[in-house]
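One structure below.
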Amino acid sequence: MQIPADSVDEYISKIPEERQEIFKRVFDAINDNLPKGFKQGMNYGMIGWAIPLETYPAGYHCTPESPLPFMALASQKNFIAFYHMGMYANPELLDWFVTEYPKHSKRKLDMGKSCVRFKKMDDIPLELLAEVSKKMTVQDWINCYENSLKK
């Protein structure tokens with residue numbers, strides 16, 4: 001389920017009212033803790049953070065005219081989805097997150113390759129999301145991304 005929106009504020013305003021407060025808290029936990037240099041915007045029908053073309057002119061290899069995506073946040077029909085491409089590309093970061101998750105949540109981790117799904121709004125590990133948001137700088141992500149392209 002995509003929420004059509006041209007801005008972050010518009011996107012959040014279209015989320016069902018009963019989910020808006022927790023979504024804003026998740027958004028703030030991520031946005032307030034990302035290292036400098038990532039740019040917030042709407043990407044792929046969700047809120048995203050990317051490395052702007054001014055910083056990384058090569059862009060995303062699939063669409064070089066687009067900024068290099070890094071993280072995203074979406075409100076889906078039955079859950080909030082948190083996407084972190086760094087966890088997908090960096091096994092050490094993924095292992096850290098998987099190990100830390102049970103220390104912050106009573107729920108079983110529901111995760112795909114780069115997507116963490118939160119179905120229970122009362123048990124979203126905000127501190128863990130804040131911490132994982134701090135773990136990669138812009139240069140760390142560029143290095144990781146370029147190394148993954150070489151494989």
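The shown structure was predicted, so the numbers you read here are calculated from the model rather than taken from an experiment.
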Is the number of heavy atoms from other residues, nucleotides or ligands under 6.0 Å of [X] [atom1] greater than 12?
X	atom1	value
K119	NZ	no
E21	CD	no
E17	CD	no
D6	CG	no

How far apart are the closest heavy atoms of [X] and [Y], and which atoms are they?
X	Y	value
A50	P67	CB-CB, 3.7 Å
G45	Y11	O-CE1, 3.5 Å
G112	R117	N-NH2, 3.6 Å
M121	I80	SD-CD1, 3.6 Å
A81	C115	CB-SG, 4.0 Å
M46	A74	CB-CB, 3.7 Å

- Task: For the pair K150 and N147, evaluate side chain to side chain contact (heavy atoms under 4.5 Å, CB included) and give the outcome as yes or no after the intermediate values.
- Result: CA-CA 5 Å; K150 293 175 186 174; N147 287 336; 4.1 Å; yes
With a 4.5 Å heavy-atom cut-off, do [X] and [Y] have their side chains touching?
X	Y	answer
L129	I124	yes
S75	R19	yes
P35	M136	no
P69	N43	no

- Knowing that exactly one of W141, W49, F70 qualifies, which makes a ring pair (Phe, Tyr, Trp, His ring centres under 6.0 Å) with F38?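 With F38 as partner, W141, W49, F70 yield a single ring pair (Phe, Tyr, Trp, His ring centres under 6.0 Å), made by F70.
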- Message: So, using side-chain contact (heavy atoms from CB on, under 4.5 Å) as the criterion, who are the partners of E146 when residues are at least two apart?
- Response: Y56, I142
At what distance, to the nearest 0.5 angstrom, does [atom1] of [X] lie from [atom2] of [Y]?
X	Y	atom1	atom2	value
M111	K113	CE	NZ	12.0 Å
L109	R107	CG	CZ	13.0 Å
S105	K120	OG	NZ	11.5 Å
F82	L73	CZ	CG	8.0 Å
I15	Q76	CD1	CD	10.5 Å
L34	K39	CG	NZ	14.5 Å

- Task: Using modelled atom types only, decide if a donor and an acceptor are shared between the side chain of D28 and the backbone of R25 within a distance under 3.5 Å.
- Result: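 Judged by distance alone, no pair lies under 3.5 Å.
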- Classify the side-chain pair N31/Q40 by whether it contains a donor and acceptor separated by less than 3.5 Å. yes
Review item, side-chain donor-acceptor pairs of residues 83-95, under 3.5 Å, at least two apart:
unit_1: H84; atom_1: ND1; unit_2: G86; atom_2: N; d: 3.0
unit_1: H84; atom_1: ND1; unit_2: M87; atom_2: N; d: 3.1
unit_1: N90; atom_1: OD1; unit_2: E92; atom_2: N; d: 2.9
unit_1: N90; atom_1: OD1; unit_2: L93; atom_2: N; d: 3.1

- Task: Can you tell me which residue pairs pass the ring pair (Phe, Tyr, Trp, His ring centres under 6.0 Å) test with a partner in residues 112-139, sequence neighbours excluded?
- Result: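 Counting only pairs at least two positions apart or across chains, no ring pair (Phe, Tyr, Trp, His ring centres under 6.0 Å) contact touches residues 112-139.
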- Message: Quick check on the hydrophobic clustering: are I51 and L53 connected, directly or via other members, by side-chain heavy-atom contacts under 4.5 Å?
- Response: no
- Task: Find out if a path of hydrophobic residues (ILVMFWY) with successive side-chain heavy-atom gaps under 4.5 Å connects L128 to F79.
- Result: no
- Query: Does K135 make a cation-pi contact with W96 (under 6.0 Å, within 45 degrees of the axis)?
  - Reply: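 Yes.
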